[in-house]
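Reading through the structure tokens given below for one structure.
As the structure is a computational prediction, the values presented were derived from the model and not from experiment.
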Amino acid sequence: MRTYHDPSRGRARGLSLLGSLVLLVACALPAAAQQRKYLVELGAAGVYQSFDDLTNLGGGTGGLARIGLWLPANFSVEAEGAFLSSSADVTEVDVNVNSFSLAALYNIQIGTSSFLYFKAGGGSTSYGDCPAISTALSPICGSAGAFIGGAGVRVGVSPTLMVRGEGLLQRYSTDSRSLSNFGLNLGMSLMLGSRPIQDADGDGILDNRDRCANTPAGAQVDGSGCPSDSDNDGVPNGIDRCPTTVAGATVDSTGCTRDSDGDNIADGLDKCPDTQAGVLVDPTGCPRDSDGDSIPDGIDRCSETPRGATVDALGCPGDEDGDGVLDGLDRCPRTAVGARVAPTGCAAGQEPGRAAPTGQPPTPAPAQRPTQRAAPAQPPAAQPEPAAADTAPPPVPGTISPGVISGVSFAAGTARLSPGSYVALDSIVRVLLANPSLRVEVSAHTDNTGTAAENLHLTNLQAEAVRNYLVTKGVPFQQVVPRGYGATVPLTMDTTPRGRAANRRVEIRPMQAGP
């Protein structure tokens, strides 16, 4: 049986070269250059190759040259030519071995500029001319096609220069036999046309690995360059100032919830996003109405109104005829003043909806002009000068005299009480609280500058505003009946600014005589 001169010589040299390659990779990794995009690779390397026993050749050394083209998706292709010299085992005649191959490579990045790769392809190898007479001990000769497979590593030592080493297996098949050769090569590669790989969105993931190339500045990203969003609100972590937003809530550009109606229920979760300011809401953001009077809690000043009672804009019930039975529950809402009524609001023998037949004159119509006017206990320092007919005698302590409440005024064209009105109204509060059986009518009047409908509506609101103020001070709402008369009961026919100012007034009239 034929053997090598030194059976361990080829394997030892191969393992030595492989160990040197591993050591070189370990030393070069810390000095890796910046990551780049590569285009053309030119390289040269020294080669050691061991041959199959059937070739009758010992191990050989030589060199190779290669040219490669880098493709997308981490692939590249290259052509390679190698030449080496080997001695026949028995005859010790030098045999020149030349080979050429084409192969495809898949490159796996390690570090910033180093690659591990796998290689597969095909080629042909020439073992020199065959002798005229060949024996079993003659070295292999002629040419043969081969399948090539292997793996290697490139290590960047500068932006365009790499150290490259690889191990290859060549598999030959002829008509009569199959051969396997193993080779190692170590050399340098020059990368032509390379350029740095950019990070267009500045997220730390280079464009060749970034699946989300338009990440907003400041966003935290995963290994693929896509933003992470822990609360799934559409605003990435890193720029999300509220990273624990409840699912379903609408957020602004900073990732924080919006609350357009200010009810503390976030938009997106708020089923009633137009809730009025000050209204108390349930967990869905819709107003609560504990007494069912259609005035929401929070702005309902009388939140325990009996069911069915008619209420004003503040949620408080009225008692138009002052009989102690609330409007809406009162089946006889026009009962004469002072009449005794049943719980239904009707006097004995009175039909629902009609005044009691007591012979008592009804409440004076708006056209009746009051003859006396009340003044507050401490009128404001500055008041518009009234017409001569407006002067009213000072009230008797503990009573209310009918007439103009001097000092009570509103912002022009509104039912918003001016701050100067509070002193006069507070004096009336004291009298009403001291006389619980006393009921009064508060009437509002305006000049004739608007339409009749507008004037009537405005004075109704103004009279209710006065009643609401008195109620907030503790006066039972049954004690005060608000009425607006528009411009139907003027104090003067004077149409000058002074006359019109006199006609814009609030009057008070007892509906029941005081003690």
Can you list every disulfide bond (SG atoms under 2.5 Å apart) pair that touches [range], not counting sequence neighbours?
range: residues 460-505; value: none
range: residues 294-325; value: Cys302-Cys316
range: residues 193-239; value: Cys212-Cys226

List the residues meeting side-chain contact (heavy atoms from CB on, under 4.5 Å) with [X], not counting sequence neighbours, and say none if there are none.
X: Thr496; answer: Asp494, Arg498
X: Val481; answer: Arg483, Met511
X: Gln276; answer: Val279, Ile299

Check: residues 235-243 side-chain donor-acceptor pairs under 3.5 Å, at least two apart:
from: Asn237; atom 1: OD1; to: Ser230; atom 2: N; distance (Å): 3.2
from: Asn237; atom 1: OD1; to: Ser230; atom 2: OG; distance (Å): 3.3
from: Asp240; atom 1: OD1; to: Cys242; atom 2: N; distance (Å): 2.9

Show me the pairs that pass salt bridge (Lys or Arg N to Asp or Glu O under 4.0 Å) and involve residues 457-470, at least two apart or across chains. Asp312-Arg467
Pairs meeting criterion salt bridge (Lys or Arg N to Asp or Glu O under 4.0 Å) with involvement of residues 149-161, two or more places apart: Glu41-Arg154
Does Thr215 have any side chain to side chain donor-acceptor pair (under 3.5 Å) partners at least two apart in sequence or in another chain, and if so, which? Asp201
Partners passing side chain to side chain donor-acceptor pair (under 3.5 Å) against Thr472 (at least two apart in sequence or in another chain): none
Would you list the pairs meeting side chain to side chain donor-acceptor pair (under 3.5 Å) in which at least one residue belongs to residues 260-272, sequence neighbours left out? Ser260-Asp267, Asp261-Thr275
